[in-house]
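Below: the structure, in structure tokens.
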Amino acid sequence: WLVEKKFDGYRMLARLHNGHARLFTRNGHDWTSKLPTLATAIEALPAGTAWFDGEVVALNEAGADDFNRLQGAFDAGAVTTPLTYWLFDLPHFDGHDLRAQPLTQRRALLKALLAHGGRQCAPLKFSEELAGGAAAAFARACKAGEEGLVAKRRDAAYRSGRSATWLKLKCRRRQEFVIGGYTLRQGSSAEVGSLLLGVFDDS
């Protein structure tokens with residue numbers, strides 16, 4: 001098994017074909033027009049055709065994943081917030097279907113490809129394997145307030161759906177709250193935007 005950081009963002013697939021990139025959500029929605037900077041970065045890679053799997057995140061001032069900032073960037077319409085596309089798999093490359101190949105081989109090719117990218121590829125990052133073993137990496141992630149880790153079998157084939165070869169290890173923090181109110185989501189009166197929460201304090 002290898003372990004990677006669990007990102008707090010939007011899972012995204014990118015398709016590169018004849019020099020043109022398109023980005024798709026896990027539900028198949030085309031978000032290329034929302035992510036022109038990332039599309040341009042994919043197009044700058046030294047590849048003809050390829051599929052990339054990864055996660056798009058936004059960072060806060062402390063350099064940590066900020067899902068609220070990411071969500072707010074898309075709610076605002078045109079995305080102007082700097083985004084990072086963390087790539088962790090390469091199921092297709094230059095006419096070759098790599099899905100049956102071991103994960104380690106696909107990741108090695110992906111890492112080499114990103115290493116040869118130019119300055120335009122700066123928003124693209126390779127999701128490195130975390131050193132020190134799963135237990136130590138998990139403890140560090142939880143102490144740092146991160147979401148957790150993803151553990152993957154090194155010999156795993158690529159699967160588009162859920163699989164026992166990819167496991168999410170979440171840092172769970174539980175607390176009971178009282179809902180004191182809510183606001184509606186901007187642009188949609190049928191959805192909740194935010195909750196006003198309270199917590200009992202015995203002191």
Side-chain angles (χ1 to χ4, degrees), residues 2-17 19-47 49-93 103 106-107 109-111 113-115 117-130 141 144-152 158-163 166 168-171 185-188 191 193:
L2 62 82
V3 291
E4 299 173 55
K5 175 181 175 179
K6 184 181 183 303
F7 298 101
D8 193 8
Y10 289 141
R11 183 80 173 269
M12 200 72 59
L13 284 168
R15 181 193 183 209
L16 179 64
H17 182 67
H20 299 286
R22 297 174 66 188
L23 291 106
F24 300 91
T25 68
R26 64 190 310 165
N27 294 323
H29 300 297
D30 189 333
W31 277 20
T32 310
S33 61
K34 298 181 179 181
L35 300 165
T37 302
L38 298 185
T40 299
I42 291 290
E43 291 168 355
L45 289 171
T49 61
W51 277 94
F52 302 89
D53 195 353
E55 192 143 349
V56 176
V57 303
L59 303 180
N60 60 22
E61 290 77 5
D65 295 357
D66 191 330
F67 187 76
N68 288 333
R69 176 171 289 192
L70 178 66
Q71 204 170 34
F74 285 99
D75 287 346
V79 179
T80 58
T81 302
L83 302 177
T84 301
Y85 190 12
W86 288 95
L87 298 172
F88 43 69
D89 214 326
L90 183 67
H92 293 266
F93 179 69
L103 173 64
R106 299 194 305 272
R107 283 174 54 82
L109 181 57
L110 174 61
K111 185 174 184 179
L113 183 62
L114 290 173
R119 293 180 59 186
Q120 283 185 302
C121 300
L124 310 177
K125 305 292 183 185
F126 179 70
S127 177
E128 295 279 0
E129 177 181 358
L130 300 178
E146 298 177 355
E147 273 235 357
L149 306 177
V150 178
K152 304 174 182 179
Y158 183 87
R159 297 286 183 267
S160 57
R162 296 188 181 278
S163 167
W166 285 32
K168 294 180 181 179
L169 310 175
K170 295 185 178 181
C171 299
R185 188 178 179 90
Q186 185 178 0
S188 175
E191 299 180 31

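For the atom pair L149 CG and L2 CG, the distance stands at 11.0 Å (nearest 0.5 Å). With rounding to the nearest 0.5 angstrom, the CH2 atom of W86 is 15.0 Å from the CG atom of D53. Here NZ of K34 is found 12.0 Å from CG of L83. Values are rounded to the nearest 0.5 Å. Interatomic distance, CG of L90 versus CG of L110, reported as 5.5 Å (0.5 Å rounding). Atom NE2 of H17 sits about 11.0 Å away from atom CH2 of W51, to the nearest 0.5 Å. With rounding to the nearest 0.5 Å, the separation of CG in L124 from CD1 in I42 is 4.5 Å.
Among residues two or more places apart in sequence or in another chain, the salt bridge (charged side-chain N to carboxylate O under 4.0 Å, His left out) test is passed with R15 by none.
Here the shortest heavy-atom pairing between C121 and A44 reads SG-CB, 3.7 Å. Minimum heavy-atom separation, G148 to C171: CA-SG, 3.9 Å. Scanning both residues, L169 and A151, for their nearest heavy atoms gives CD1-CB, 4.2 Å.
Looking at heavy atoms from C-beta onward, F88 lies out of side-chain contact with V150 at the 4.5 angstrom threshold. Contact of the T25 side chain with the Y10 side chain is not registered, since no non-hydrogen atoms from C-beta on lie closer than 4.5 Å. Between L114 and L45, some side-chain heavy-atom pair lies under the 4.5 Å cut-off. Residues Y85 and L23 are in side-chain contact: their nearest non-hydrogen atoms beyond the backbone lie under 4.5 Å apart. For the pair Q71/R185, a side-chain contact is recorded, criterion being any heavy-atom separation below 4.5 Å from C-beta on.
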Exercise for review: Report the C-alpha distance between L16 and E43 in whole Å, list the side-chain angles of each, state the deciding distance to 0.1 Å, and finish with yes or no for side chain to side chain contact (heavy atoms under 4.5 Å, CB included).
Suggested key: CA-CA 7 Å; L16 179 64; E43 291 168 355; 4.2 Å; yes
Steps toward side chain to side chain contact (heavy atoms under 4.5 Å, CB included) verdict (D65, K5): CA-CA 11 Å; D65 295 357; K5 175 181 175 179; 3.3 Å; yes
* side chain to side chain contact (heavy atoms under 4.5 Å, CB included) between F52 and M12, worked out -> CA-CA 8 Å; F52 302 89; M12 200 72 59; over 6 Å; no
Full working for side chain to side chain contact (heavy atoms under 4.5 Å, CB included) between E129 and K111: CA-CA 11 Å; E129 177 181 358; K111 185 174 184 179; over 6 Å; no
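For the pair R107 (side chain) and S127 (backbone), a donor-acceptor distance under 3.5 Å is present.
Using a 4.0 Å cut-off between charged side-chain N and carboxylate O, E55 and K6 make no salt bridge.
If you check the side chains of T32 and D30, you find a donor sitting under 3.5 Å from an acceptor.
Within 6.0 Å of atom CD in Q120, 12 or fewer heavy atoms from other residues, nucleotides or ligands are found, so the atom counts as exposed in its surroundings.
The aromatic rings of Y158 and W166 sit perpendicular, their planes meeting at an angle over 60°, well past the 30° parallel limit.
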